[in-house]
Amino acid sequence: MSVETQKETLGFQTEVKQLLHLMIHSLYSNKEIFLRELISNASDAVDKLRFEALAKPDLLEGGAELKIRVSFDKDAKTVTLEDNGIGMSRDDAVTHLGTIAKSGTADFMKHLSGDQKKDSHLIGQFGVGFYSAFIVADKVDVFSRRAGLAASEGVHWSSKGEGEFEIATVEKADRGTRIVLHLKSAEDEFADGWRLRNIIKKYSDHIALPIELPKEVAAAEGEEQPAVEWETVNRASALWTRPRTEVKDEEYQEFYKHVAHDFENPLSWSHNKVEGKLEYTSLLYVPTRAPFDLYQREAPKGLKLYVQRVFVMDQAESFLPLYLRFIKGVVDSNDLSLNVSREILQKDPIIDSMKSALTKRVLDMLEKLAKNEPEQYKGFWKNFGQVMKEGPAEDFANKEKIAGLLRFASTQGDDGEQVVGLADYLARAKEGQDKIYYLTGETYAQVKNSPHLEVFRKKGIEVLLLTDRIDEWLMSYLNDFDGKSFVDVARGDLDLGNLDSEEDKKAAEEVAKSKEGLVERLKTALGDSVAEVRVSHRLTDSPAILAIGEQDLGLQMRQILEASGQKVPDSKPIFEFNPAHPLIEKLDNEQSDERFGDLSHILFDQAALAAGDSLKDPAAYVRRLNKLLVELSV
Ligand code: ADP
Ligand code: MG
């Protein structure tokens, strides 16, 4: 053992400690994945070396085939992984193996419940990684040297996974990383050639570089120890270069876990080779579950980019629009230059045409999933629906296609689940219905019971119920679908078009005429609070309702803008009343102007409350209401 200098003991970042604890306690039923994770890291390290060596061939230090070796010692109960990839400097080891750099980790950790079953789901969202070594090992030694550094600048990182790690500078002749796992006594079954071979075949067959295991050979005559011969146990070719028909589902799934750093199988994938003017291969995956940092601005997104098989960069963001940031996978181009940079990617016209083709592939894959696996699509929507709703605003060209993928709650369901697609909606629309009706609001309970729905319920017309924060904004980008325009039922002068019969319309006009006096009186009483007063034809049970002006901001947008500190243009609602309601009849007959005023203000405030708005002067509402109650009780 070489001399160790500058030895230090350092503490893990708090989140690492939590992660280690979680890992050890929740993954006990799936221990063997530690090998997949460490091999995945070794493969990444080799990819990085290959890429850096394009510009600095010296990094290869004279060559040697790039590979991963896995060996074991039954007596010492160790498993050792060795790669000749990029390696780590002392600083790299402290940062990469002592902290978790992912943004939002602290927040994520707060969600841990202590309940192992629940938390083991969380770990999937987070991705496992290097620390999975501690599932089977009670001590891990990492010896590494970064390519390009002197042999004297090797590092030895060592930890028992209990809150701290030791770090020292050591001599390391070969570039790359060697990881020695000292197996827990109950886990010594892993120090076995057969076991390791099977695990590698099962999880890491797709790794593009050779993974070697020692072959059992008999000792030659006169020697005590047999010479070690190495044998490649995986297929060792880039999975995406193989024809689709030859790749098994399990292989696609394991490859996904490697590229996506995910723990679970993907929901769906699409593997395509494009030839012609542009030549590239893409393998795109839809994850099953949203990662914990989907809404973090700095969260990793984008595809792994290869140029003619050589890894070029992680998180290449220019190949997909932002609303598809959850898609994982690789793209391997024959047209780009090996020294392509992020800046070049942003400007290159080749990338633009690849981006639109890849976007279409993803949307097609989602359409197929929605059509063939509706149950799975429901799961997809739960996880990624909110992000998909960013689509119509970002991707004008695919607006109609994205709209077809959207799912909403509607008056046809009774649990607020977002399962209704626009095509389903139109397929069961009423005869003569040429609009898609929707209502937005804060909560499902609120919109479900909104008075705005009364006429629709009466006529049996379905209304989409939109309660996500993003919905009103989304609808401002959607004008129509399949030639049918969207109508916000709380907005403007609701025109049901062909859905109202001629008689209905005539009757409504007559009623409106007969109530002109009441309209005028209400206008005087409500004064500045309203933009307009009119007779409603959308109410059956409620006395009054507030409608939003055709051009005004809706409640949701107003609240979002207000919360972000922006000045919101003042807009007044339209007060509509139901002429057939007993309270309105009473109002119409009220002789006292004072009581008429009180009652109209109460109706106005109630309508605001029913719409989910807050009252400008709640005390005045209570005062007026109490006054009426007192009069009632005498
Ligand atoms: P991830 O692979 O998602 O980045 P890991 O926990 O698996 O997370 O690994 C943490 C980091 O440690 C890697 O990103 C890499 O920087 C470093 N690392 C791990 N294994 C190796 C290795 N064999 N060679 C070089 N660096 C490594
Ligand atoms: Mg990893």
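Since the structure is predicted, the reported quantities are computational estimates derived from the model, not experimental observations. Indexing begins at 1, ligand by ligand and atom by atom, following the structure's order. One-based numbering along the sequence shown.
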Value rounded to 0.5 Å, distance of [atom1] in [X] from [atom2] in [Y]:
| X | Y | atom1 | atom2 | value |
| --- | --- | --- | --- | --- |
| D141 | R178 | CG | CZ | 9.0 Å |
| L366 | F384 | CG | CZ | 10.0 Å |
| S144 | D174 | OG | CG | 11.0 Å |

If you look at each N/O of ligand 1, which protein N/O atoms lie under 3.5 Å away, and at what distance?
{"unit_1": "ligand 1", "atom_1": "2 (O)", "unit_2": "N41", "atom_2": "OD1", "d": "2.9"}
{"unit_1": "ligand 1", "atom_1": "2 (O)", "unit_2": "H261", "atom_2": "ND1", "d": "3.3"}
{"unit_1": "ligand 1", "atom_1": "3 (O)", "unit_2": "H261", "atom_2": "ND1", "d": "2.7"}
{"unit_1": "ligand 1", "atom_1": "6 (O)", "unit_2": "F130", "atom_2": "N", "d": "2.9"}
{"unit_1": "ligand 1", "atom_1": "7 (O)", "unit_2": "N41", "atom_2": "OD1", "d": "2.8"}
{"unit_1": "ligand 1", "atom_1": "7 (O)", "unit_2": "N41", "atom_2": "ND2", "d": "2.8"}
{"unit_1": "ligand 1", "atom_1": "7 (O)", "unit_2": "F130", "atom_2": "N", "d": "3.0"}
{"unit_1": "ligand 1", "atom_1": "23 (N)", "unit_2": "D83", "atom_2": "OD2", "d": "2.9"}
{"unit_1": "ligand 1", "atom_1": "24 (N)", "unit_2": "T177", "atom_2": "OG1", "d": "3.2"}

Legend entry - Test item: side-chain donor near acceptor, R90 and T169, under 3.5 Å: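 R90 vs T169: donor-acceptor pair found between side chains.
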
Inset, instruction - Check whether any side-chain heavy atom of M365 lies under 4.5 Å from a side-chain heavy atom of L369, and answer yes or no. - result: no

Inset, instruction - Indicate if the distance from the Mg ion (ligand 2) to the nearest N, O or S atom of S40 falls below 2.8 Å. - result: no

Legend entry - For H182, the option from K139, K160, E187 that meets side-chain contact (heavy atoms from CB on, under 4.5 Å):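 Only match with H182 under side-chain contact (heavy atoms from CB on, under 4.5 Å): K139.
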
